[in-house]
Amino acid sequence: MAEPILRCSELRKHFGGIVATDAVSIDVAEGEIHAVIGPNGAGKTTLITQLSGEMFSDSGRVQFRGRDVTRLPAHRRSMLGLARSFQITSIFLDMTVLTNVSLAVQAHRGHSFRFWKRTDTDAELVEPAMAALTQVGLAERAGSLASALSHGEQRQLEIAMALATEPALLLLDEPMAGMGREESAGMVETLKKLRGEKTMLLIEHDMDAVFALADRITVLVYGKVVATGTVDEIRANDDVKRAYLGEEGA
Amino acid sequence: MFNITQWSLKHWLAAALLVFFALFPLSGDLFYTSLLNRMIVMAIAVASLNLILGYGGMISLGHAAFIGIGAYSVGIPAYYDIYNGWLHLALALIGCGLFAFVTGAISLRTRGVHFIMITMAFSQMAFFAFVSIEEYGGDDGLVVNGRSEFFPFGDIENNVTLYYVSFIVLVAVLYLVYRLVNSRFGGVIQGAKANERRMRAIGHNTYKYQLTCYVISGMMCGLAGALMANFSNFISPDMMGWVRSGELIFMVILGGSGTLFGPLFGTGLYLLLEEFLSRSALYTFVTENIAFLNDAQPWVYWQLPFGILLILVVLYARGGVDGFLSRWGSKNG
């Protein structure tokens, strides 16, 4: 097997007496959609913040594209091609949809010590931003304020902002959070179109979405990896059924 | 902004105000020219604070320190009979730039209330530093005997010349702020205000941009300080007390924080109110007819109605004067 694009080994994080991440090791292969599932409180979001660099691990290592990034802060990891989306929508509400995305483009077009030229007419920013918006189907909302978007559209904007950084790996923290059935289906379509183009680590509660998208699944319970495998392997795994679905599911 | 067909009420008012400023000295009224000059100089300081506070979300309660440093950059050389304006200017810019860089580098490691407190602490340190220097008058202040001379252009001894120099600096500062906030740099600053965590996640190292912004703002405010020393011919550590910083914040909020012309509106309104409320009929009536106010220092009590007015503005005119004009403009036109 080729070198995985992301490898985390023996990651640990605890908050006081609570162990949020307990010796988690996950390999994400280039090009795959790797889902991480687990009951509430399993430490999924904590794991994402450790991988994105917003929070440093107590111990363990994170390697990204063959490079040790364990001690790199979030903005440096973003530069290397690691992007995340947020479970709780985290956008710039008072700015237009286009500005939201072009800020993400800008971060990856050299430094921002440019004090004079307008950004809203700068093709170097606007064109890639529009391309990212087109990918998630928000192009015609480019001029609206982000706060005027529906919840589903804001979730799509989340993805567009992550895409605009031209990442090699997308860390998606519950992209379907709070969505209705129809909106979820739209998001699944969006992500399906990105399959093959982008490697994704997907955290999601919506099992239909996970089974529709994932190549491999890792199951996290109380901060520990219970199982990793293909969709069929995970479906058949008794440990997973016990831990995840409860005793009666087994 | 330069497309006149898209102008709304506030643009017209700001333009009218600037034209008024530009033409007023022609009236020959020295008293009001002097009041307007003070307004112009304060507006420069307020515009500089608006850049970090309004656009950048960095609520500094120590901004008056830069006015003080800028003022002493004129006053101390003048004390030694050195009136070279280029030297004054260089000292003000370098002094404020350095002070902003060092204090900003430390302050910007904190957020929220801690940032407010630490910027205030630094400005109080500057305040007490100047209070303690007996040579330059300590807390009695220092009389500035002559104004800056800008070879080969001449001096600003004439009040009208000083007025126009201040006015040009104000227009230049407003234009600079306009370019900055619409540039990539400004995008990072405003993004960091709105959602710093997201900015980091998409790859921006917000700290170094915020620090740069803080330095630019400090240097701009230093210009206001240097002009203030020339204008009032007297400087003292009081110029940089934290109460002064509080007033600057109030002018930013009053005008509409994070708007281009807010500082113009806020400073104008604040100083006009201060001027007229302290001489108003109501004020005279109150102080002359209510016994226990009779022998009070007059300037103490005009601030009471002023305070109430400001509270009303903050409560009912969100977005300050600029916000009010925007709403009123869109309702009527």
Side-chain angles (χ1 to χ4, degrees), chain A residues 48-49 52-55 73-86 88-95 98-122 124-125 132 146-147 157-158 160-167 171 173, chain B residues 1-3 6 51-52 54-57 101 109 172-173 175-217 219-220 256-260 318-319 322-323 326 330:
Chain A
I48 288 246
T49 59
S52 69
E54 287 163 273
M55 213 190 287
H75 64 93
R76 296 280 306 279
R77 293 190 200 186
S78 167
M79 286 299 162
L80 295 174
L82 195 63
R84 74 162 291 183
S85 74
F86 290 81
I88 296 165
T89 308
S90 179
I91 56 182
F92 307 107
L93 289 169
D94 295 336
M95 301 182 188
L98 181 65
T99 309
N100 270 266
V101 183
S102 100
L103 272 175
V105 175
Q106 184 186 322
H108 297 260
R109 292 287 189 286
H111 63 77
S112 293
F113 287 110
R114 302 187 197 181
F115 302 101
W116 210 248
K117 192 175 169 189
R118 293 188 71 94
T119 51
D120 56 356
T121 50
D122 186 348
E124 197 195 1
L125 300 178
S147 55
L157 177 56
E158 268 284 328
M161 288 169 76
L163 280 176
T165 65
E166 295 172 2
L171 304 171
D173 192 357
Chain B
M1 186 178 75
F2 296 103
N3 182 353
Q6 291 177 0
L51 179 62
I52 54 169
Y55 290 104
F101 182 78
R109 299 193 177 278
V173 160
Y175 184 64
L176 181 63
V177 169
Y178 168 74
R179 295 304 305 215
L180 281 181
V181 299
N182 287 296
S183 72
R184 291 193 186 192
F185 179 77
V188 177
I189 292 304
Q190 289 164 85
K193 176 196 176 191
N195 191 341
E196 186 159 17
R197 185 178 178 204
R198 184 71 200 219
M199 285 300 278
R200 289 176 171 276
I202 57 182
H204 289 288
N205 181 0
T206 50
Y207 176 80
K208 60 181 183 180
Y209 296 104
Q210 287 178 319
L211 181 55
T212 307
C213 187
Y214 194 76
V215 171
I216 292 174
S217 161
M219 291 167 80
M220 272 182 188
S257 84
T259 63
L260 184 62
R318 297 201 61 177
D322 186 277
S326 298
S330 60

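Since this is a predicted model, take the numbers as computed values, not measurements. First the proteins, then the strands, lettered A, B, ... as listed; each starts at 1.
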Geometric class of the A:Phe113/B:Tyr209 ring pair [parallel <30°, tilted 30-60°, perpendicular >60°]: tilted
Any side-chain heavy atom of A:Leu125 sitting closer than 4.5 Å to one from B:Arg184? yes
Hey, could you give me the CZ/CZ distance between B:Arg179 and A:Arg114, rounded to the nearest 0.5 Å? 14.5 Å
Please flag which part of A:Arg76 lies under 4.5 Å from any non-hydrogen atom of chain B: side chain, backbone, both or neither. neither
Please round to the nearest 0.5 Å and tell me the distance separating atom NE2 of A:His111 and atom CZ of B:Phe185. 12.0 Å
May I ask you to check whether over 12 heavy atoms, not counting those of A:Phe115, lie within 6.0 Å of atom CZ? yes
Whether the side chain of B:His204 engages the backbone of A:Leu103 through a donor-acceptor N/O pair (distance < 3.5 Å, no angle test) should be reported. yes
Is a donor on one side and an acceptor on the other found under 3.5 Å between the side chain of A:His108 and the backbone of B:Ile202? yes
Given a strict heavy-atom distance threshold of 4.5 Å, which part of B:Lys193 is in contact with chain A: side chain, backbone, both, or neither? neither
B:Arg200 side chain near A:His75 side chain, heavy-atom distance below 4.5 Å: yes
Nearest heavy-atom pair of B:Gly203 and A:Ala107: which atoms, and what distance? C-CB, 3.9 Å
Against chain B, label A:Ser52 side chain, backbone, both or neither, depending on which of its atoms sit under 4.5 Å from a heavy atom there. neither
Less than 4.5 Å to any heavy atom of chain B: does that hold for the side chain of A:Thr49, its backbone, both, or neither? side chain
Could you have a look at B:Val181, B:Val188, B:Asn182 and say which one has the most heavy-atom pairs with chain A under 4.5 angstrom? B:Asn182
More than 12 non-hydrogen atoms from neighbouring residues, nucleotides or ligands closer than 6.0 Å to CG on A:Asp120, yes or no? yes
Bottom line for A:Glu158: the part with an atom under 4.5 Å from chain B's heavy atoms is both
Would you call B:Asn195 and A:Phe86 a side-chain contact if the rule is heavy atoms closer than 4.5 Å? no
First locate atom OG of A:Ser78, then atom CG of B:Asn205, and finally report the distance between them rounded to the nearest 0.5 Å. 11.5 Å
For chain B, which of A:Ser102, A:Ala74, A:Ala104, A:Gly53 has the most heavy-atom pairs under 4.5 Å? A:Ala104
Correct closest heavy-atom pair for A:Arg84 and B:Ala201 would be CG-CB, 4.2 Å
Charged N to carboxylate O under 4.0 angstrom, A:Glu54 versus B:Arg197? yes
